[in-house]
Amino acid sequence: MENIAELSIAVEPLTSDITIADVGDLFLQPAYDRFLSLPVVRDGEPLGVISRYHVQRILMGRYGRELQGAKAVKHFMNNSPLLVSVDRPVEEASHHITRNIAFPITEDFIITDGGNYHGVGFVINLLRGLEDKLITKNKSLAQSFSQLQASQSQLVQSEKMASLGQMVAGVAHEINTPLGYVHNNVEMARAAYDQLATLNEKYEQLISMLQSPDLDERAMQTQFSEIQEMREEFSNTFQHDEMRGLFSDTLYGLGQISDIVSNLKNFSRLDQAMVSNIDLNQCVDSTLVIANNLIKHKVEVIRDLGVLPKVRCAPSQINQVLLNLITNAVHAIEDRGRIMISTFSDGQFVHIIIRDSGKGIPAENLSKIFDPFFTTKPIGEGTGLGLSITFKIIRDHQGYIRVKSRVGKGTAFCVSLPIAEQP
Amino acid sequence: MIDMITPPVKPARPMQNADLRPTLLFVDDEERILRSLRMLFAANFRVLVTTDGHEALEILKREKVHALISDQRMPLMSGVDLLRQARDIAPDTMRLLLTGYSDIEAIIGSINDGEVFRYINKPWNADEIRAIVGEAANIAMSLGQMLAKPLEQSAKEIRGILLVDDSAEIANNLREYIDDSFPGAFHLEWANTLNDAMAFLETRKLSVIISDINVGRDDMTPFIKTLKHFHPHIVTIVLTNFRDTSLLVELINQGQIHRFLPKPMRKSMVLRGIQSGMVLADEIRLRPAAKQRHKVETPKNIPDAGIISRIRGLFRSASKS
């Protein structure tokens with residue numbers, strides 16, 4: 001329902017000269033049952049309304065019918081009826097009516113069209129119209145709200161993907177280095193083995209020559225020099241200590257790759273949701289491995305990890321928080337610098353402090369850093385969601401996060417999480 | 001019996017003729033990488049290794065190195081930094097980048113600053129890296145000290161530049177830049193389709209081609225690669241806003257592009273690119289052997305065989321004229 005027109009009830013209006021007694025009779029007819037009042041109109045112009053209540057009071061008074069019944073309605077009617085133009089929107093009309101209607105409600109209102117009488121409107125219908133409107137509005141509000149929620153979670157997801165993407169690129173490089181020499185070493189080992197296998201074959205042939213009753217000396221001589229040549233070639237290409245080094249390097253490289261992979265697994269913890277009893281020091285360590293590519297060559301990390309009681313938390317979320325804070329710390333450091341990570345417990349909370357020697361956050365920005373979309377990075381480089389997600393995760397864990405910063409000196413974030421209650 | 005099986009004594013492999021083998025210098029911050037590579041190449045090359053770019057530069061000052069193979073991400077000096085300085089210190093040394101991190105800025109740097117012969121990804125394939133590094137070292141061996149000698153300037157002729165781009169604005173701006181900075185020195189042609197570009201190649205003598213990756217509906221990558229394969233004396237500069245790491249690596253290894261310039265076009269960058277491209281084109285014209293330094297891998301992913309035969313035909317007619 002857009003405007004008041006739909007509420008308009010086209011009832012034949014009264015002339016100004018109709019008698020009160022006649023009006024009283026009209027009100028008694030079933031067709032007029034629903035009306036609180038009837039409009040009085042002359043030449044299309046609404047003059048007033050006469051209410052059922054008023055007519056009853058007149059006629060039921062002592063000798064009312066006899067004294068007043070023959071008088072014209074115009075002497076009794078309300079000369080300033082509530083008028084609402086037909087094209088007024090429902091909200092506007094109801095605003096006008098609730099402001100101006102007399103209490104208790106004894107009259108309907110008149111709907112006009114270009115100043116002329118159009119019909120009668122019931123207050124109750126207006127209420128229903130308003131209610132319908134409210135319901136529709138609520139529905140669309142609820143819809144926008146769920147859309148907002150969806151796009152918020154999409155944004156959170158895209159922030160997650162963006163930092164994940166950076167992380168994956170870094171980890172890929174971390175793995176590619178050991179993979180490079182491991183791969184190469186294994187290929188060389190295979191080449192060495194191929195040579196050794198051929199050499200072994202030659203030796204076997206030599207042995208069977210030696211064992212055979214009719215020893216062909218010249219063939220054996222050839223065999224021997226072939227073996228000698230191969231042995232030389234082999235030891236020129238593959239020296240013993242080099243070969244040994246090659247194998248220990250290979251094992252070292254494989255160890256590094258499996259370290260990275262198991263830390264990745266620890267880091268994502270996709271197999272676990274909310275888990276109790278997590279040692280946050282482990283979270284710090286696996287996050288540092290994941291962020292290593294970002295950190296090394298640029299930042300010296302000092303770890304000062306105390307003995308911590310277990311904390312009930314979702315480790316993948318806490319890792320996300322730590323990665324976010326460590327990444328921010330690295331980004332805050334312009335050339336080279338230091339990040340100090342300390343953890344300790346006060347019996348109620350576990351605290352993780354991440355302190356960097358970066359450029360610091362100006363005071364005017366400090367209050368905004370947890371706001372969604374606040375970023376000082378150029379467009380396209382930061383979503384401005386990292387810290388707001390961090391804040392939300394910490395709050396969901398009943399913890400809190402505090403920040404202290406001095407421009408030119410550095411920034412410290414302190415994450416505090418409540419210790420798991422002992423059952 | 002014992003005497004009988006004593007083998008004939010052969011002289012040990014003469015290690016003193018190590019001087020005759022090409023010298024390789026590997027730079028990587030991971031010692032295990034260096035050990036592994038040293039073993040892979042030790043049989044056929046004199047292999048030097050270091051984890052420090054500064055030391056690498058000292059080695060290049062001190063002795064002849066045929067190929068320098070560097071990692072990109074290193075704590076003391078980045079690979080691109082090292083290669084750029086190596087260009088000045090030892091211009092005849094072939095430069096290669098061996099890296100496990102596809103950072104687009106590093107790849108662009110390896111083109112524009114490092115002018116690398118090949119970009120090799122970690123983990124590498126032993127046979128492939130042997131072939132690539134071997135080829136680079138052989139080229140440097142065969143050319144000797146060529147670039148270190150100054151070029152005798154020949155009489156200047158007006159040299160042709162072809163711009164392949166679908167934007168008239170770029171064409172107008174470039175013409176303006178060139179007229180402004182090098183009046184009368186270059187003749188600029190503009191093609192806005194692959195077909196037009198081919199037509200210019202068939203009728204004009206060109207020194208430098210400046211091309212986008214996508215021109216109209218044409219993908220110019222096969223053109224760039226095939227042209228370099230058959231026409232190494234034409235210097236290519238890519239001017240584009242397209243950024244893709246694997247494509248760039250292809251354009252290095254199979255296209256030997258001289259410069260990669262980002263759009264929007266910047267006057268100083270494009271003019272410097274043209275200038276150094278012309279120097280290179282002169283170099284190759286006056287010392288044709290130098291084009292070996294820009295030998296490409298056999299182009300892969302060429303969908304349209306027509307381009308190959310057309311460009312090859314062009315090569316024949318060009319060599320006749």
Side-chain angles (χ1 to χ4, degrees), chain A residues 166 169-192 206 209-210 215 217-218 220-229 231-239 241-243 245-246 248-253 256-257 293-294 296-299 336, chain B residues 1-15 18 26 28-45 47 49 51 53 69 71-79 98-104 106 120-130 133 245:
Chain A
Q166 272 189 348
V171 170
H173 179 243
E174 290 283 298
I175 290 181
N176 275 342
T177 296
L179 206 54
Y181 61 80
V182 165
H183 192 271
N184 198 47
N185 291 355
V186 172
E187 280 197 54
M188 287 189 294
R190 185 172 64 183
L206 184 67
M209 277 179 189
L210 286 171
L215 183 81
E217 250 179 64
R218 274 187 56 195
M220 201 191 61
Q221 216 33 287
T222 319
Q223 185 77 4
F224 208 95
S225 57
E226 272 177 22
I227 287 176
Q228 184 62 14
E229 217 169 294
R231 276 181 54 196
E232 244 176 65
E233 197 194 325
F234 180 80
S235 50
N236 273 336
T237 324
F238 306 103
Q239 270 141 37
D241 50 341
E242 269 189 351
M243 278 310 271
L246 178 142
S248 50
D249 280 357
T250 301
L251 290 173
Y252 179 89
Q256 267 209 318
I257 292 171
N293 192 56
L294 198 64
K296 71 168 180 190
H297 305 343
K298 183 177 173 185
V299 179
R336 269 156 207 271
Chain B
M1 196 64 186
I2 297 218
D3 267 343
M4 209 169 59
I5 60 166
T6 305
V9 177
K10 280 181 81 182
R13 178 180 287 201
M15 290 308 282
F26 289 98
D28 199 300
D29 62 331
E30 171 58 80
E31 280 181 35
R32 292 173 188 84
I33 292 266
L34 294 176
R35 277 208 284 275
S36 188
L37 287 169
R38 185 207 286 276
M39 270 191 82
L40 187 66
F41 285 99
N44 306 310
F45 298 89
V47 181
V49 301
T51 55
I69 304 98
D71 184 20
Q72 166 57 15
R73 296 190 99 200
M74 295 179 291
L76 301 169
M77 186 190 291
S78 79
L98 171 62
T99 176
Y101 195 75
S102 299
D103 166 4
I104 190 123
I120 311 167
N121 278 309
K122 284 179 192 169
W124 61 88
N125 172 290
D127 288 340
E128 267 176 39
I129 202 174
R130 251 198 295 246
V133 171
T245 52

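In the text below, chain A, chain B and the rest are named by the order of the sequence lines, each starting its count at 1. These values consider heavy atoms only, across backbone and side chains, with no hydrogens, waters or symmetry-generated copies.
- With a 4.5 Å cut-off on non-hydrogen atoms, B:A126 touches chain A through its backbone and its side chain both.
- Both the backbone and the side chain of A:L179 come within contact range of chain B, with heavy atoms under 4.5 Å apart.
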Next on the checklist: If you apply the rule salt bridge (charged side-chain N to carboxylate O under 4.0 Å, His left out), what do you find for B:R73 with B:D103, and how did you get there?
Outcome noted: CA-CA 10 Å; B:R73 296 190 99 200; B:D103 166 4; 5.6 Å; no
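- For A:E242, the parts lying under 4.5 angstrom from a heavy atom of chain B are both the backbone and the side chain.
- Ring geometry for A:F234 against A:F238 counts as tilted: the plane angle lies between 30° and 60°, on a 0 to 90° scale.
- Between chain A and the options B:M39, B:E30, B:R38, the largest number of non-hydrogen pairs under 4.5 Å is found for B:M39.
- For the atom pair CH2 (B:W124) and CG (A:N184), the distance works out to 5.0 Å, reported to the nearest 0.5 Å.
- A:R336 touches chain B through its side chain: at least one heavy atom from C-beta onward sits under 4.5 Å away, while N, CA, C and O do not.
- Annotation: cation-pi geometry not satisfied between B:R35 and A:Y181 (NZ/CZ under 6.0 angstrom from ring centroid, within 45° of ring axis).
- Contact tally against chain B (heavy-atom pairs below 4.5 Å) for A:E174, A:H183, A:M188, A:K298: the top residue is A:M188.
- By the neighbour-count criterion of 12 heavy atoms within 6.0 Å, atom CD of A:Q239 is densely surrounded, having more than that number from other residues, nucleotides or ligands.
- The candidate from A:V182, A:N293, A:I175 with the greatest count of non-hydrogen atom pairs under 4.5 Å with chain B is A:N293.
- Looking at B:S36, its side chain never comes within 3.5 Å of a backbone N or O of B:R32 through a donor-acceptor pair.
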